[in-house]
Each structure stands twice: as C-alpha cells, then as structure tokens.
Amino acid sequence: MTSHATANTQAARMSLSDYQFPSHRLREQQQETDRVPLVLVACGSFSPITFLHMRMFEMASDFARTIANFEVIGGYLSPVSDAYKKAGLAPSRHRVRMCELAAEETSDWLTVDPWEAIQPAYSPTAAVLDHFENEINVVRGGVLSADGQSRRPVKIMLLAGADLISTMSTPGVWAETDLDHILGSFGAMIVERNGTDMDDALANLKPWEENIYVIQQMIQNDGMSDPAAHSLCNIIPVHANGDNVVSSTKIRLLLKRGLSISYLIPSPVIQYIMQHRLYMDEDAKPKEKQPSFK
C-alpha cells in the first residue's frame, strides 16, 4: 500500500523511489449525503503557475456546489514531466515547487501531486487520471460517507481551459481511446475562454456530452478598452479576438524583457523565480517536438 505525504513533505523533493501520494488536504469524510464526492485534477506545464490556474479551481468548485450535484473534497495540480519537451518548460523540480508555493500561500484546499512530474517518460492525461483513481479509490477506498457508516467512490474529473477542449474536438490530435477514457470514464470541467467557440468544439464530442461541464466566465477581462492598456500591445501580444488573458507564455515574455509580473502570479512564486533566475536567461533554444496529444 502506498504511504501518504504529510504537509511537511515537499513534493518538489520527491523522486520515484520515495514518492508518497499527497493527501494532507484531501477531505476524509463527506459533509453532504446527497452529493457525489469529487476530486478535480488539472494537468499542465505550469511554467510558471498563474492566478488564472488557481482561479479555475475556485470557479469549478462554485459550479460543483451551486449548479451540479457534486461535493468537492480535493483539488490537485499535476505538472507535466520534463519528457514533454515543450518550449519554455522549466525543470520539473522548479515547476512543482512553484505550484506548491502557490497552493500553500493562496489556498486551503489545493494540493500538488508530483507523480506525473517525476516520471522519466511522458504520461498521457488518461494515465494520470488512472493514477488518481488508484490512489484515491483503490488505495484509500474512496471517502467516508457523511454519516460515517460506509465509504463511497470518489469521482475523479479533469479540470481544463477551453483551449484543451478545442484540441480534443480536432480530429487526429488526441487518440480516440484516450478521449473515450478521459471523457467517458472520468469527465471534464471546462472553463470557457474568449475566442473559443464552445458549441463548435462540443459538437464533435457528442458521445461524451453528458460528462462534460462547461463553466462560464463570470468576469471578462475587457481592460484593453483603456487607452493605457492598449500601450501594452507592444509588450504583450494580444490576439485579434481580444484575448488578453494572463498566460504562462506571457509571464515568461515579460520576464525575458525585464518587466514586472507583480499581481499576475502569486508573490511567493515571483520570489522563487527571481531567486532561481527562471525564464530570464532563456536563449530560445529549439526543443524536441512534444507528443501530439496530452
């Protein structure tokens, strides 16, 4: 049986030989009997993590509580391994630690699982979700019911942005078997994004539509209507559709140009980036092509 990490165990220091599933923030018992227990898992590069990544979890939690019939008992960030070979990808130990700092300092329920990050080879999203299914429902036996009389299986669900669902609906990008496993066996909560036609994306995912939950953005960033904000167009590229959402790519660009990233990502993450001079000395070396599907 896998032992479990305590709050004092730094995920960034784990290796395959001493890996422990981090469960210190995973609720052990439900509070509501009539809801399905849910754990949200976000896979990604997180190079670096931004407030938008964290905000997605809060939006999904609100959606689960007010619209769907779920009770969120945990949320996990799962940084991709170095084998992904994506441009701008900082070493996994740094990305895991930045995610840890963000979760520790800005949330009381999010956790970082380093399992995917420490794998020597690339792990498809389906395999990552299988890992959580095993650790939570097989090893731990699910979650204790609200009345304490039984244990219930936990629903594991992928949390992602609308750009991911667009790639899923594009033929040939994802393996059909992976799509069926991810969306059929687990499901996904998708946070909408400006410039993404959700109806068009979902039209090609009809077989799994009942297991896909679209979360609408309640706050749209229309700051580019401010003349002062328009001057940023010369610094941060803005798409033709007006998408000026904060992204890891834009954070890296600001850092390379010696510009401030304050209030865009958590302060402890900024301090860590400065301490280790991440993204500031990149020479844009070409990377190997990453796998065609995540």
Side-chain angles (χ1 to χ4, degrees), residues 1-44 56-58 60-65 68-81 96 99-100 103-104 107-119 123-160 177-178 180-189 208 210-213:
M1 180 178 291
T2 304
S3 58
H4 298 282
T6 66
N8 294 324
T9 304
Q10 270 195 20
R13 295 179 179 176
M14 289 188 194
S15 63
L16 284 174
S17 61
D18 61 4
Y19 170 76
Q20 301 174 45
F21 182 68
S23 60
H24 56 284
R25 284 185 167 180
L26 184 65
R27 289 228 314 268
E28 297 183 355
Q29 184 172 5
Q30 275 194 271
Q31 296 176 348
E32 302 179 62
T33 58
D34 59 343
R35 288 180 176 266
V36 177
L38 174 69
V39 164
L40 297 164
V41 178
C43 301
M56 286 173 56
F57 279 95
E58 295 298 328
S61 179
D62 285 343
F63 181 92
R65 176 174 53 84
N69 190 41
F70 296 111
E71 179 184 352
V72 176
I73 65 167
Y76 285 87
L77 293 153
S78 180
V80 72
S81 80
V96 170
C99 286
E100 274 190 310
E104 291 168 0
S107 173
D108 60 2
W109 64 283
L110 296 183
T111 312
V112 184
D113 183 8
W115 181 85
E116 181 183 3
I118 61 179
Q119 298 303 311
S123 301
T125 301
V128 177
L129 295 177
D130 282 340
H131 158 72
F132 281 96
E133 174 73 19
N134 177 69
E135 289 288 353
I136 294 174
N137 285 323
V138 178
V139 176
R140 292 177 60 85
V143 64
L144 190 64
S145 61
D147 61 12
Q149 298 302 307
S150 62
R151 299 194 70 84
R152 301 184 63 189
V154 176
K155 176 75 171 176
I156 311 297
M157 191 172 290
L158 179 67
L159 173 62
T177 53
D178 277 5
D180 187 58
H181 192 52
I182 294 168
L183 299 179
S185 301
F186 297 103
M189 283 196 178
W208 309 285
E210 293 186 358
N211 224 11
I212 300 174
Y213 300 83

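Treat the numbers as computed from the prediction; the structure is a model and nothing was measured. Residues: numbered from 1 along the sequence shown.
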inquiry  = If we ignore hydrogens and angles and just use 3.5 Å, is the side chain of Y76 paired with the main-chain N or O of P22 as donor and acceptor?
reply    = yes
key: For the student: nearest non-hydrogen atoms of N211 and G184, plus distance   = ND2-O, 3.2 Å
note = For F70 and R35, the nearest pair of non-hydrogen atoms, with its separation, is O-NH1, 3.1 Å
inquiry  = Walk me through whether L159 and M189 qualify under side-chain contact (heavy atoms from CB on, under 4.5 Å).
reply    = CA-CA 5 Å; L159 173 62; M189 283 196 178; 4.1 Å; yes
request  = To the nearest 0.5 Å, tell me how far R25 CZ sits from S107 OG.
outcome  = 5.5 Å
note = Output for pair (E71 CD, D34 CG), nearest 0.5 Å, gives 9.0 Å
request  = Kindly assign one of parallel, tilted or perpendicular to the pair W115 and H131, based on the angle between their ring planes and the thresholds 30° and 60°.
outcome  = parallel
key: Point-to-point distance, once rounded to the nearest 0.5 Å, from NZ of K155 to CD1 of I136   = 13.0 Å
task = Would you name the heavy atoms of A42 and F57 that are closest together and state the gap between them?
result = CB-CZ, 3.5 Å
inquiry  = Working note: L183 + I212, criterion side-chain contact (heavy atoms from CB on, under 4.5 Å); need CA distance, chi angles, decisive distance, verdict.
reply    = CA-CA 7 Å; L183 299 179; I212 300 174; 4.1 Å; yes
message = Between N137 and P153 (side chain of the first, backbone of the second, donor and acceptor by atom type, cut-off under 3.5 Å), is there such a pair?
response = no
query = OG1/T111 to CD/E100 distance, rounded to the nearest 0.5 angstrom?
reply = 10.0 Å
note = For E28 and R140, the nearest pair of non-hydrogen atoms, with its separation, is CG-NH2, 3.7 Å
ask   = Any luck finding a side-chain donor-acceptor pair between S15 and D18 under 3.5 Å?
value = yes
message = Would you compute the distance between atom CZ of F63 and atom CG of L40 and round it to the nearest 0.5 angstrom?
response = 11.0 Å
query = Can you find a pair of side-chain heavy atoms, one from F186 and one from V41, that are under 4.5 Å apart?
reply = no
task = Taking the side chain as every heavy atom from C-beta outward, state whether I118 and Y19 have any pair of such atoms under 4.5 Å apart.
result = yes
ask   = Which atoms form the tightest heavy-atom contact between D130 and H181, and what is the distance?
value = OD1-NE2, 2.7 Å
Heavy-atom pair of closest approach, residues S81 and Q119 = CB-O, 3.4 Å
task = Drop me the distance from L77's CG to E116's CD, to the nearest 0.5 angstrom.
result = 11.0 Å
inquiry  = What verdict does the side-chain contact (heavy atoms from CB on, under 4.5 Å) test give for T33 and S145, after you've listed the backbone C-alpha separation in whole Å, the side-chain angles of each residue and the deciding distance to 0.1 Å?
reply    = CA-CA 7 Å; T33 58; S145 61; over 6 Å; no
